[in-house]
Amino acid sequence: MIRFENVSKKFFSKDGEIVAVNNVSLNIKKGEVFGIIGFSGAGKSTLVRHINLLEHPTEGNIFFDNVNLTEANEKELRVFRRKIGMIFQQFNLFSQRTVLDNIVYPLELAGVGKKERIKRAEELLALVDLVDKKYSYPSQLSGGQKQRVAIARALATKPDVLLCDEATSALDPITTRSILGLLKEINEKLGVTIVIITHEMKVVEQICDRVAVMSEGVIEEAGNVKDVFLNPKSSTARRLIMPDDRVKYLYNDRRILRIAFEGQSSYLPVVSSLTIQCETMINILGANTENIGGKAYGQMLIEIPKEADKEKRIKQYLDEHGLYYEEGGGVNG
Amino acid sequence: MDKALIELLKSGVYETLYMTLISTLIAYVIGIPLGVIVYVTDTKGICKNRIVNFISGAIINIVRSVPFLILLVAILPFTRLVVGTTIGSDATIVPLVVAAAPFVARLVESSLKEVDAGVIEAAKAMGSSKIQIITKVILPEAKPSLLIGATIAVSTILGYSAMAGFVGGGGLGAIAINYGYYRYKTDVMLITVAFLVLIVQFFQEAGIRIVNKIDKRLR
């Protein structure tokens, strides 16, 4: 549905040339939730702005439904942009318009009649669960409510794609989860393709089907979330999955395993039963796990005894319970 | 206070209000488009255009750097051409507009610059044309700030109108100069000053109240 072909974007400043996006080729499929993850300054936001041509590529082509957007003129672009909704980290609502008038705005542009506009806006308010805030102004809403209004506004013209530029980065964890839930619902119910830019692995874990890992303007790896998550190949992906300096444990001769939870029940005391059943001690070096809807997601680094038979039993236990693991914390290898 | 003086002050207040309000109005008719042009053609604007930006900026700066009293005299031939005379309230409106329009343009420009770039980007992403971004997004979002600017413009134009009293303009300024200054009537001078202060206060207060009422960000 959206295809990047060798797209590069260079900015020219007094300090010289900055390559924000470097020869990126990507293919985003219809109906999927596609994540682009990377640290700040990786070029993710610049990349996503190419999809609706808010940024023009210096080189390469961008196709939307097999139409080359880089060849479209101003007027054609405006029509395309109605098929591509966008939400932002700072919400970017019109501060002097009511919630209803914010949602109606894209419909005004599309030339939809007044009655019809309001009807459509009310449907959308019901979808984002804000019917009672119809006549409120953005300043009267919480961050989560503002983002819901922004989502409703972005969906007003029934777009095929919704771009989310760090849409949850300004929100607390609980609100983040509910916004992501809403996005997933929109993806499933309305069949809207969603592209999500984020620096948080848990956002990708919660709703994305596929993910691209970006660093310094380059896509380092891309694939199904599960594959990237269980077996990250690039150092950026490893750092995103296991942030901070836990890596330092890995340079001596200790036996380290990285265990990945990918949706096992969070009610099972996996580590406790491991120590009991294998009659051994393990040392938890670091954990980054989260309970999403009763399922465990995340990573854990454990140190296990050096004895070969104990190691064998532990690995056997992990296999039996369907837990993915990797030796050496996955950083040496 | 004798009756003649009261009549004089009455007509002075009326003329001052007339000159100030009409000039402000016309200055805004010219100043808003000029301010919008300078804003949108800026390097960060939505219709980047270095030449137009330079020319409009230069016109504003040149007119703004001429002191009002000198401008007033310098454009007398132009004033005569427009209104047919160089004395009285109508004749004062011409130089007032010429001096105030670039000033208003700068006020408008700075109000527009306050509009969040993210909001403009969102409007662009929704498929707005440039004209729509200006008329449906930037100007409405800047409305409270534009109104605050207008109260500043009114006070400044009022001050200019008083200066025009020196060269035959009408209003309270002319009364203060002709009676208070040339005839040493200090009481008349003080009364006119008091009226000028009151008028400025009135516009300032009214402006702020309206802004508080219409600005949806303040709740």
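As a basis for the values below, the full set of heavy atoms in this structure was taken, side chains included, without hydrogen atoms, waters or symmetry mates. Below, chain A is the first sequence line, B the second, and so on; all start at residue 1.
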message: Tell me whether A:Asn92 contacts the main-chain N or O of B:Ala122 through its side chain, where contact means a donor paired with an acceptor under 3.5 Å.
response: no
field: Flag if over 12 foreign heavy atoms under 6.0 Å of NZ, A:Lys184
entry: yes
Lys/Arg N to Asp/Glu carboxylate O, A:Glu74 vs B:Lys130, below 4.0 Å: no
task: Name the region of A:Phe88, side chain, backbone, both or neither, that has any atom closer than 4.5 Å to a heavy atom of chain B.
output: side chain
- request: Begin with the C-alpha distance, continue with both residues' side-chain angles, and end with the deciding distance and a verdict on side chain to side chain contact (heavy atoms under 4.5 Å, CB included) for B:Arg217 and A:Tyr137.
  value: CA-CA 8 Å; B:Arg217 290 170 303 178; A:Tyr137 285 92; over 6 Å; no
field: Other residues, nucleotides, ligands: >12 heavy atoms within 6.0 Å of A:Phe12 CZ
entry: yes
- prompt: Heavy-atom distance under 4.5 Å to chain A: side chain of B:Ile120, backbone, both or neither?
  reply: neither
message: Distance check, rounded to the nearest 0.5 Å: B:Met126 atom CE versus A:Ile84 atom CD1?
response: 14.0 Å
- request: Below 4.5 Å from any heavy atom of chain B, which atoms of A:Gln89 appear? Answer side chain, backbone, both or neither.
  value: neither
- request: For A:Gln96 and B:Ala142, indicate whether the former's side chain and the latter's backbone hold a donor-acceptor pair under 3.5 Å.
  value: no
message: Taking CZ in A:Phe11 as the centre, count heavy atoms belonging to other residues, nucleotides or ligands within less than 6.0 Å. Is the count above 12?
response: yes
Heavy-atom contact with chain A under 4.5 Å, split by part of B:Lys136: both
query: How would you list, in number order, the residues of residues 16-54 of chain B that have a heavy atom less than 4.5 Å from chain A?
result: none
query: In this structure, are over 12 heavy atoms from other groups packed under 6.0 Å from A:Glu17 atom CD?
result: yes
Side-chain heavy atoms of A:Ser95 within contact of B:Lys216, under 4.5 Å: no
message: Heavy atom to heavy atom, less than 4.5 Å: which residues from residues 81-116 of chain B reach chain A?
response: B:Asp116
message: Is it the case that atom NZ in A:Lys9 sees more than 12 heavy atoms from other parts of the structure closer than 6.0 Å?
response: yes
- prompt: Among A:Arg97, A:Arg49, A:Met86, A:Gln90, which has the most heavy-atom pairs under 4.5 Å with chain B?
  reply: A:Arg49
- prompt: Minimum heavy-atom separation for B:Gln132 to A:Tyr105, with atom names?
  reply: O-OH, 4.3 Å
Considering only distance and modelled atom types, tabulate donor-acceptor pairs under 3.5 Å from the side chains of residues 75-82 of chain A, sequence neighbours left out.
residue : atom : partner  : partner atom : Å
A:Glu76 : OE1  : A:Asn73  : N            : 2.9
A:Arg81 : NE   : A:Asn52  : O            : 2.9
A:Arg81 : NH2  : A:Asn52  : O            : 3.4
A:Arg81 : NH2  : A:Leu53  : O            : 3.0
A:Arg82 : NH2  : A:Leu109 : O            : 3.3

field: Part of A:Leu163 within contact of chain B (heavy atom distance under 4.5 Å)
entry: neither
- prompt: Among all residues two or more places apart in sequence or in another chain, which pass the salt bridge (charged side-chain N to carboxylate O under 4.0 Å, His left out) test with A:Lys189?
  reply: A:Glu185
